[in-house]
Asks: 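If you scroll down you'll find the structure; I have some questions about it.
Every value quoted in this text rests on a predicted model; they were computed, and no experiment measured them.
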Amino acid sequence: MRAEIERARTAPAPPTTTALYPSPFVLRQQVSQVRAARHRTLAAPHDAAQRAELESCLYTLYVLTGCRTAHAALTAAEALLVANRLPGAGAPSASA
């Protein structure tokens, strides 16, 4: 009986999850789109269409990285690409 009570009090083990990483190509493309949209928005800060485009690009990056802020999403995307954690995300090879 005591064992059953103790087992009932013990929190269940968290589920094991496998992290899914975005495609390196898609991630690089999205980071590029965010940077371009940010540049255009800074050039025309009163243009609502440019701001909406930037927000849309950032939202996609949020989804790809699982982050909630622009800075965190860009930092995470760059870290994933630079750290070679994604297949094919290494630095370009030096061709002679």
Side-chain angles (χ1 to χ4, degrees):
M1 177 98 156
R2 287 185 186 191
E4 290 297 319
I5 293 172
E6 188 61 34
R7 191 169 50 110
R9 288 183 181 169
T10 306
T16 58
T17 59
T18 303
L20 296 176
Y21 294 109
S23 161
F25 174 77
V26 171
L27 194 57
R28 278 191 205 99
Q29 186 178 29
Q30 194 60 36
V31 168
S32 177
Q33 287 179 358
V34 166
R35 287 179 179 156
R38 180 184 281 177
H39 181 62
R40 287 189 299 273
T41 302
L42 289 173
H46 300 294
D47 187 350
Q50 292 297 331
R51 287 194 313 268
E53 179 189 358
L54 176 60
E55 289 175 11
S56 175
C57 290
L58 283 170
Y59 179 77
T60 302
L61 194 62
Y62 298 159
V63 172
L64 288 171
T65 60
C67 296
R68 294 182 179 183
T69 65
H71 179 73
L74 281 168
T75 302
E78 290 170 351
L80 283 170
L81 292 170
V82 171
N84 277 334
R85 285 191 268 176
L86 294 175
S93 60
S95 310

Asks: Between Ser32 and Arg28, is there a donor-acceptor pair closer than 3.5 Å when you use the side chain of the first and the backbone of the second?
Replies: no
Asks: Rounded to the nearest 0.5 Å, how far does CG of Asp47 lie from CG of Leu54?
Replies: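 It is 11.5 Å, given to the nearest 0.5 Å.
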Asks: Counting only N and O atoms by type, is there a donor-acceptor contact under 3.5 Å from the side chain of Gln30 to the main-chain atoms of Thr60?
Replies: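 Flag not set: sc Gln30 to bb Thr60 has no pair under 3.5 Å.
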Asks: Output the distance between atom CG (Leu27) and atom OH (Tyr21), rounded to the nearest 0.5 Å.
Replies: 12.0 Å
Asks: Locate the shortest heavy-atom distance separating Ala72 from Cys67; write the atom from each residue and the value.
Replies: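 Answer, listing the atom of Ala72 first, then Cys67: O-SG, 3.6 Å.
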Asks: If you look at every heavy atom in Tyr62 and Ala73, which pair is closest and at what distance?
Replies: CD2-CB, 3.8 Å
Asks: Could you measure the distance from the CG atom of Leu20 to the CG atom of Leu64? Nearest 0.5 Å is fine.
Replies: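 Leu20 atom CG to Leu64 atom CG measures 12.0 Å (nearest 0.5 Å).
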Asks: In Å and rounded to the nearest 0.5 Å, what is the CZ to CG distance from Arg35 to Leu74?
Replies: 6.5 Å
Asks: Does Ala52 offer a backbone N or O that forms a donor-acceptor pair with the side chain of Ser56 under 3.5 Å?
Replies: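 Flag not set: sc Ser56 to bb Ala52 has no pair under 3.5 Å.
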Asks: For the side chain of Thr41 and the backbone of Gln50, is there at least one donor-acceptor N/O pair under 3.5 Å apart?
Replies: yes
Asks: What distance separates Phe25 CZ from Leu81 CG, expressed to the nearest 0.5 Å?
Replies: 12.0 Å
Asks: Count the heavy atoms of every other residue, nucleotide or ligand shown that sit under 6.0 Å from CZ of Arg38, and state whether that count exceeds 12.
Replies: no
